[in-house]
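Below is one structure; the comments refer to it alone.
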Amino acid sequence: MKSCGALHVSLGRAAMAVGGSARALLRQRARFSHHPPAALHRATHPLHLVRQRNALAQQQQHFQQYTRAQGLTLDQGAAAAATSALQCSCCGHSTAAPDASGGAQTKVRTRSRIVVPSGPRRVHHHHPRPGTAASEPGTAAYEEQIASVVGGRMIQSVQREQPPRGSGIQPLLDFNKQWAAEVEQLNPDYFTSLAKQQKPQYLWIGCSDSRVPANEIVGLYPGDIFVHRNIANVVCNSDLNALAVLQYAVQCLKVEHVIVTGHYNCGGVTAALNDTRIGLADHWILHVKAVKKRHWRRMAAEIPKRYHLDALCELNVLAQVENVVETHLIQQIWRDQNAEDSAALRESRKSRNKPEDEVEIHGWVYGLADGHVHPLLSLSRHSNAERCLADATAALFSRYGQLS
């Protein structure tokens, strides 16, 4: 059985094969509820286990809804479910272990001993996609809708909502104790493993905006991304903080990708666009104003006014990507690697450059309204950076210029 742990039943096929071993199945289910398999206790990330627990709890709810819709008793529904294939609640792959004859051996779990006291909120009702009518019970479309919900649209982990203003910091300290206890309960080895080392492949240079958390946006765990954030995701050659982070990430942590990530509706970019005075931050926003000044004449002539903010958010990302590429650190690394490749070619030998030492620079913009990351540009030591930046800028103006 796969280490993904808790499984859920794909109810889309639950109308098949009613009858048989319902009582045995329920006894098996009760046994699982008291003695969860060892796979649940392996060193798995706690949020993975939370998602599995939530999927199981939601499967139980929709199992009851489905059996009622099909006119089945719970025993009949359980017998039908016993013939269904199993899928991992997080990954979606089949996790049924083969039996002696080579076929799939089906096991059903509806509960585990994983308990989160505060309880993640769950999707309680399934709503059809916009523009589609709700399917009738008993139809294939209805079964597909049920299966898609059971297949796992869950998602809130052990996080909590922000306390009311005026509450002070004590709620955060209380939340921390509860969070650490819940994670420890889900995976006793998690903090020990996380404390040993970090091996991120990515450096994220992003905005300080509280709506743009790096790990959550790309679905990675703590320890997977090295993060630097400031107002409007600016990289300038006078910012020793950013330069030190870049150097440490590339040379010490050996990150392979530097990702400059802006976002639409950025407050810093908005201030630069509208010449809004903020205070001390005005000095920092001058870097974004410089981007506006460089492109303003073309923006005013080619891009409708309503899209100026989005366009400037993207132009700012491209400008900061250019600043990263022009740092002495990146230029020296790329120069040395290209020189080594040339020497190896000249001497008819294998290059000493290692794939893990390559560094690529990327420019992304994140959409607050839809949660999607939109890639703008990627550069490596093999790229003609000046031409690629010019092409990306031209594509941006062409795209926005076609909008009305």
Side-chain angles (χ1 to χ4, degrees), residues 204-212 214 217 228-243 245-246 258-327 330 361-370 372-379 383-404:
W204 177 285
I205 301 177
C207 182
S208 298
D209 192 299
S210 60
R211 300 165 295 178
V212 193
I217 286 174
H228 175 76
R229 298 170 70 178
N230 59 48
I231 295 175
N233 44 275
V234 168
V235 180
C236 62
N237 58 15
S238 60
D239 182 8
L240 296 182
N241 189 352
L243 296 179
V245 168
L246 179 64
V258 178
I259 308 170
V260 179
T261 306
H263 65 96
Y264 296 118
N265 200 29
C266 176
V269 177
T270 301
L273 178 64
N274 299 330
D275 293 319
T276 304
R277 297 300 299 273
I278 297 176
L280 184 62
D282 293 339
H283 300 279
W284 185 255
I285 292 173
L286 285 173
H287 298 292
V288 185
K289 285 188 174 182
V291 179
K292 172 191 170 184
K293 184 177 180 180
R294 185 195 310 176
H295 298 286
W296 179 247
R297 183 173 297 180
R298 188 176 180 185
M299 282 178 61
E302 300 182 19
I303 298 178
K305 185 176 181 180
R306 61 187 297 188
Y307 300 113
H308 282 181
L309 178 56
D310 287 351
L312 187 56
C313 288
E314 295 186 20
L315 288 168
N316 182 52
V317 169
L318 295 178
Q320 307 316 320
V321 167
E322 181 178 11
N323 291 343
V324 172
V325 170
E326 290 181 351
T327 59
I330 298 299
I361 317 298
H362 311 270
W364 290 357
V365 63
Y366 172 69
L368 295 174
D370 61 9
H372 291 170
V373 167
H374 305 274
L376 301 177
L377 177 69
S378 291
L379 299 172
S383 305
N384 183 326
E386 184 176 357
R387 187 194 314 170
C388 290
L389 284 162
D391 290 344
T393 302
L396 184 156
F397 276 100
S398 174
R399 176 161 37 89
Y400 280 104
Q402 296 174 15
L403 302 177
S404 57

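Keep in mind that this is a model prediction, so the values were computed, not measured. FYI, the numbering just counts along the sequence from 1.
- Note that CE of Met299 and CZ of Arg294 are 12.5 Å apart. Values are rounded to the nearest 0.5 Å.
- Of all the heavy atoms in Val321 and Gly363, the pair that sits closest is CG2-CA, 3.6 Å.
- Put simply, the side chain of Arg229 gets close to the backbone of Val212: a donor and an acceptor are under 3.5 Å apart.
- For the pair Leu396/Leu315, a side-chain contact is recorded, criterion being any heavy-atom separation below 4.5 Å from C-beta on.
- Considering CG of Leu376 and CD of Glu314, their distance stands at 5.0 Å, rounded to 0.5 Å.
- Side-chain contact between Lys292 and Asp275: present, with at least one pair of heavy atoms (C-beta onward) separated by less than 4.5 Å.
- Contact annotation: the side chain of Asn323 never approaches that of Val260 to less than 4.5 Å [non-hydrogen atoms, C-beta and beyond].
- Counting all heavy atoms, side chain and backbone alike, Ala385 lies closest to Val325 at CB-CG1, 4.2 Å.
- Judged as a side-chain hydrogen bond (donor to acceptor under 3.5 Å, both in side chains), and not counting sequence neighbours, the contacts of Glu302 are Arg298.
- In this structure a side-chain-to-backbone donor-acceptor pair under 3.5 Å is missing from Asn316 to Val288.
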Verdict with reasoning, Gln320 to Ile205, per side-chain contact (heavy atoms from CB on, under 4.5 Å):
CA-CA 9 Å; Gln320 307 316 320; Ile205 301 177; over 6 Å; no

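- Applying the salt bridge (charged side-chain N to carboxylate O under 4.0 Å, His left out) test to Asp370 and every residue at least two apart in sequence or in another chain returns nothing.
- Below 30°, between 30° and 60°, or above 60°: for Tyr307 and Tyr400 the angle between ring planes is between 30° and 60°, a tilted geometry.
- When the options Val317, Val373, Ile217 are evaluated for a side-chain contact (heavy atoms from CB on, under 4.5 Å) with Trp364, the one that passes is Val373.
- The minimum heavy-atom distance linking Ile231 with Gly268 is given by the pair CG2-CA, 4.1 Å.
- Atom CG of Asp391 is separated from atom OG of Ser398 by 12.0 Å, given to the nearest 0.5 angstrom.
- Under the rule for a salt bridge (charged side-chain N to carboxylate O under 4.0 Å, His left out), the partners of Arg211 that lie at least two apart in sequence or sit in another chain are Asp209.
- Once rounded to the nearest 0.5 Å, the distance linking CG of Leu309 with CD1 of Ile303 reads 11.5 Å.
- Taking 4.0 Å as the cut-off between side-chain N and carboxylate O, Arg399 and Asp310 do not count as a salt-bridged pair.
- Taking each heavy atom of Ala232 and Cys207 in turn, the nearest pair found is N-SG, 3.5 Å.
- The number of heavy-atom neighbours closer than 6.0 Å to CG of Asn237, taken from other residues, nucleotides and ligands shown, is 12 or below.
- Judged by distance alone, the side chain of Asn265 and the main-chain N or O of Leu368 form no donor-acceptor pair under 3.5 Å.
- A search for side-chain contact (heavy atoms from CB on, under 4.5 Å) contacts involving Asp239 returns His228, Asn230, Cys236, Asn241, Ala242, Trp284, not counting sequence neighbours.
- Here CG of Leu389 is found 9.5 Å from CG of Asn384. Values are rounded to the nearest 0.5 Å.
- With Trp296 as the aromatic partner, Lys293 does not meet the cation-pi criteria of under 6.0 angstrom to the ring centre and within 45 degrees of the ring axis.
- No donor-acceptor pair closer than 3.5 Å links the side chain of His295 to the backbone N or O of Leu312.
- Side-chain contact between Leu403 and Arg306 is absent, with no heavy-atom pair separated by less than 4.5 Å.
- A distance of 10.0 Å separates CD1 of Ile361 from CG of Leu377, quoted to the nearest 0.5 Å.
- Residues forming a side-chain contact (heavy atoms from CB on, under 4.5 Å) with Ser383 (at least two apart in sequence, or on another chain): Leu379, Ser380, Cys388.
- With sequence neighbours left out, the salt bridge (charged side-chain N to carboxylate O under 4.0 Å, His left out) criterion links Asp282 to Arg277.
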